[in-house]
Each structure stands twice: as C-alpha cells, then as structure tokens.
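Note sheet for the following structure.
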Number of protein chains: 2
Amino acid sequence: MPRPKTRIQLRNSETILEAALEVFSSQGFRGATLDQIAEVAGLSKPNLLYYFPSKEAIHQTLLTRLLDTWLDPLREMDAKGDPVAEVMGYMRRKLQLSRNYPRESRLFAIEILQGAPRMREAIEGELTALVAEKAGVLRQWMDEGRIARLDPVHLVFSIWALTQHYADFDVQVRSVLGEGHDPYAEAGAFLETLYARLLAP
Amino acid sequence: MPRPKTRIQLRNSETILEAALEVFSSQGFRGATLDQIAEVAGLSKPNLLYYFPSKEAIHQTLLTRLLDTWLDPLREMDAKGDPVAEVMGYMRRKLQLSRNYPRESRLFAIEILQGAPRMREAIEGELTALVAEKAGVLRQWMDEGRIARLDPVHLVFSIWALTQHYADFDVQVRSVLGEGHDPYAEAGAFLETLYARLLAP
DNA sequence: ATGGGTTTTGACCGGGTGGTCAGATGTTGC
DNA sequence: GCAACATCTGACCACCCGGTCAAAACCCAT
C-alpha cells in the first residue's frame with residue numbers, strides 16, 4: 001500500500017480517484033462496485049487494491065480531499081472587504097463550484113443525505129467551526145448596518161442550498177427547463193437579483 | 001402477489017412500505033437490503049416477497065405514491081389568489097412537507113441525485129408539465145406588476161432548494177446550528193423575509 | 001372439529017462482490 | 001544485461017443478497 005511516490009504511482013492513484021469519483025457520485029458508496037471503478041479507470045480490480053487497501057479507503061480519500069475544495073469559497077470571504085460584494089462573491093464562487101464540479105457536489109450530497117456516516121467528524125469540526133467564524137463576520141456587518149439583518153447561519157445555508165441545487169438536481173433542472181437553456185447562466189442572474197434584494201440594508 | 005384486500009394484507013403492506021421508506025431513504029436503493037427492511041418491518045424476508053413481487057416493486061410503489069404528495073403544494077397555488085400570499089403559501093407548505101416528511105424528501109433526493117433512473121418518466125411528464133403551468137401563472141402576475149419580475153422557473157427552483165435543504169441536509173444543518181435550535185422555525189422566519197423582499201414589485 | 005384458503009417460514013440457490021495471493025511481467029539502477 | 005524491486009493479473013474464496021419453494025401454521029366459515 002504505497003503512498004504516491006513514483007510517477008506511475010501518482011498517475012494511477014489519480015486515475016483511480018477520478019474513476020471512483022465518477023462511479024461513487026452517480027451510484028453512492030454501496031451502489032458502486034470495484035469492478036465498475038476498475039473498468040472506468042482502465043485497470044484491473046486487483047490493481048486498484050494494489051494502490052488502495054480497500055473500497056472504503058478510496059471513498060475516504062475522495063471525501064477528505066473534497067472537503068477542503070468545498071470550504072475554500074467560504075474561507076475567501078473577507079471581513080475587510082465590501083460586505084455585499086463579499087457575500088455576492090461567495091455565492092458566485094459556490095455556483096462556479098457547482099458548475100465545474102458537479103460530481104463532487106453529488107458525492108458530498110449523497111454522503112450528507114445518508115447521515116454523513118463517513119464525514120461526521122469533519123462536519124462537526126472543520127465545517128461547523130468555519131461557519132461559526134464567518135457567521136461572526138456577517139453579524140458584524142449587520143451590526144454596522146452594511147447589510148440587512150438576517151440570521152447569518154441561515155444566510156449561509158441559503159447559498160449552499162441555492163447553488164448546490166443546480167449540481168445535485170441537475171436531471172430535474174434540465175428536464176423542467178427543457179432544451180436551449182444554460183441553467184447556470186440563468187441561475188447566476190437569478191441569484192444576483194435575489195441576493196441584491198435580500199442583502200440591501 | 002395479492003393487491004391489498006383483506007385487513008391483514010392492508011396492514012402488512014403498509015408495515016412493509018413504512019419500513020422500506022425508513023431503509024431506502026437512509027441507504028438508497030442499492031444500499032438497502034431486503035433483510036434490513038424485513039427486520040424493521042418485523043416480518044421475514046420471504047414474507048415481504050409474498051406481498052410484493054420484488055425489491056424493485058417496493059421501491060417503485062414508494063416513489064409513485066411520493067410524487068403526488070410532493071407536487072400537491074404547488075398544485076394548490078391559485079391563479080386567482082393574491083400573488084405574494086400564494087407564493088408565500090406555497091413556500092410554507094413545502095417547508096412543512098420537509099419538516100413532516102423528511103424521509104420522503106431524502107428518498108426523492110437520492111433518486112434525482114442518481115439520475116432519476118426509476119422516475120425519469122414522471123419527472124419529464126407530470127412534474128415538468130405542472131411547473132410549466134404554474135410558471136405561466138407567475139409570469140402573468142409579473143406582467144400585471146403584482147410581483148417582481150423574475151425568472152419564474154428559477155423562482156420555483158429556489159423554493160425547492162431552500163425548503164428541501166432542511167430535510168435533505170438535516171445532519172449538517174443540526175451540526176452547524178448546534179443544540180438549542182429549532183431549524184424549521186428559524187428557516188420559516190428566514191424564508192418569510194427572503195421572499196417578502198424578493199417578491200415585492 | 002374440519003377442511004379450504006391465506007399467511008408465514010426454514011432451507012436453499014445462483015449470481016455478484018470485496019478482497020487475497022502466487023506468480024507473471026515490467027522498470028530501473030548498475 | 002541483470003538483479004532487485006515495482007507493478008500487474010488470473011484464479012480463487014467467503015460472504016452477502018435477491019429470490020424460490022415446499023411445507024408448516026394460521027384463520028375462519030360451515
């Protein structure tokens with residue numbers, strides 16, 4: 001069970017994780033099989049298990065990597081910037097994440113939906129702490145009258161919900177919109193309007 | 001494979017569906033096993049299969065029942081009512097659905113997340129048609145200047161996203177909020193404010 | 001009580017799944 | 001070229017899972 005060192009190890013580990021993301025995000029943990037992942041990766045099943053000790057370990061690696069990417073846009077929200085612009089910027093970055101990494105979004109969603117059995121720790125630690133910190137920043141801005149007074153945590157929830165919806169419920173969104181639409185472009189415009197009105201002091 | 005007729009058949013069919021909802025909504029279709037469902041239902045596995053021809057059939061029955069419940073709140077939105085009150089009412093009913101039927105919400109979410117393999121038809125038919133109809137009503141209200149001009153379909157998406165979030169991501173919501181919170185009460189207040197500001201002409 | 005229909009179950013089956021292993025094949029430094 | 005090590009694979013295993021079936025247990029009208 002080598003930690004990536006050589007070129008081959010690095011390349012194959014990445015190939016496997018990429019394939020695993022594809023399969024886990026569309027089938028869930030139990031729905032995915034090592035054979036499927038192996039096929040997508042273009043490797044044999046025993047070869048997967050040469051690079052990762054178990055199916056569980058592959059999944060765990062994906063989740064761990066994911067969390068950082070996922071929280072970055074919120075980390076970037078700057079207490080020293082312009083409040084409305086900062087919240088808007090956060091919303092835009094999160095929507096971009098949904099657009100560019102829909103599989104990651106779905107992987108995350110499936111995990112939380114099922115009670116976060118393999119992520120509880122990270123959620124109760126890192127994620128909760130970061131939201132608490134940024135809620136403080138938002139509350140400060142509200143106290144200063146620079147954005148409308150709202151429950152800051154639910155404001156964050158609203159950004160999560162509204163942006164992730166377009167990745168997680170992609171099938172439904174596209175079906176309802178019909179052809180000839182760019183869901184993310186329209187969502188961007190809609191959310192700009194929404195948060196402009198919501199945040200105005 | 002009897003269609004419910006006698007008391008026993010009715011009672012056991014319901015027991016099975018209730019248990020299946022519990023298990024499917026927390027494990028997904030492939031993650032769930034008949035043994036788990038049987039255990040929760042307090043029946044033997046072969047006995048389940050006396051009432052339903054297959055695992056698939058149990059799942060299908062749940063989904064079919066679900067869709068109607070799920071669309072009812074939108075159906076009730078009345079073109080002849082007061083626009084802001086009607087949209088607000090829809091949002092409130094949808095939030096109540098999340099509060100009262102979180103398992104159903106998660107069952108639905110998992111299905112869509114995985115590409116709606118067993119629901120595509122219903123989504124492309126019933127659901128899409130209903131949204132199209134109600135989007136027309138919303139557009140009419142906007143033309144009359146009675147609510148703000150917005151993309152009506154994305155307005156509906158926003159209600160779905162913001163209300164279902166509290167059921168689907170329950171674990172995350174509760175972790176971030178910490179103890180001593182009533183997520184749904186707070187969400188209700190937050191969403192009232194949000195839609196009041198968003199919809200005002 | 002008894003007989004016919006309904007409900008329930010233990011035992012079993014075949015296919016799929018995660019994981020192992022011995023050995024084959026490739027790669028690299030000398 | 002070759003030894004030492006890294007990478008890869010076919011064959012295999014034990015377990016799980018959805019589903020079957022024959023027979024047992026139960027229910028109830030007569």
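In what follows, every chain begins at residue 1, and chains take the letters A, B, ... in the order their sequences are listed.
- A salt bridge does not link R106(A) with D168(A): none of the charged nitrogens is closer than 4.0 Å to a carboxylate oxygen.
- The pair R30(A)-E56(A) fails the salt-bridge criterion, with no side-chain N (NZ, NE, NH1 or NH2) lying under 4.0 Å from an Asp/Glu carboxylate O.
- By the side-chain contact (heavy atoms from CB on, under 4.5 Å) test, T193(B) is found to be paired with L150(A), R197(B), residues two or more places apart in sequence or in another chain being considered.
- Atom CZ of F52(B) is separated from atom P of dT7(C) by 13 Å (rounded to the nearest Å).
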Candidate pair R103(B) and E18(B), rule side-chain contact (heavy atoms from CB on, under 4.5 Å), full reasoning: CA-CA 10 Å; R103(B) 296 176 306 178; E18(B) 159 65 25; 2.9 Å; yes
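- With hydrogens and angles disregarded, no donor-acceptor distance shorter than 3.5 Å links the side chain of S175(A) to the backbone of V171(A).
- Between E104(A) and R99(A), no side-chain nitrogen of the basic residue sits less than 4.0 Å from a carboxylate oxygen of the acidic one, so the salt-bridge criterion is not met.
- Note: H154(B) and Y166(A) meet the aromatic proximity criterion, with ring centroids under 6.0 Å apart.
- Within the 4.0 Å cut-off from OP1 or OP2 of dT8(C), at least one side-chain nitrogen or oxygen of Y51(B) is found.
- Less than 4.0 Å separates DNA chain D from at least one heavy atom of each of the following residues of residues 32-49 of chain A: S44(A), P46(A), N47(A).
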Between protein and nucleotides 24-29 of chain C, what N or O pairs are separated by less than 3.5 Å?
none

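- By the salt bridge (Lys or Arg N to Asp or Glu O under 4.0 Å) test, D170(B) is found to be paired with R174(B), residues two or more places apart in sequence or in another chain being considered.
- A salt bridge links R149(A) with D143(A): the distance from a Lys NZ or Arg NE/NH1/NH2 to an Asp or Glu carboxylate oxygen falls below 4.0 Å.
- Looking only at distances, a side-chain donor or acceptor of S158(A) sits under 3.5 Å from a matching main-chain atom of L155(A).
- Whole-Å rounding puts the K55(A) NZ to dT17(C) P distance at 9 Å.
- Look at Q9(A) and you'll find a side-chain N or O under 4.0 angstrom from OP1 or OP2 of dT7(D).
- Here R30(B) reaches the OP1 or OP2 of dT17(C): one of its side-chain N or O atoms lies under 4.0 Å away.
- Side-chain nitrogen and oxygen atoms of Y50(B) include at least one within less than 4.0 Å of the OP1 or OP2 phosphate oxygen of dT7(C).
- Look at N12(A) and you won't find any side-chain N or O under 4.0 angstrom from OP1 or OP2 of dA6(D).
- Taking every heavy atom of residues 15-24 of chain B and every atom of DNA chain D, no pair lies under 4.0 Å.
- In this structure A122(A) satisfies the side-chain contact (heavy atoms from CB on, under 4.5 Å) test together with L67(A), sequence neighbours excluded.
- R11(A) comes within 4.0 angstrom of no nucleic acid atom, judged by non-hydrogen atoms across all strands.
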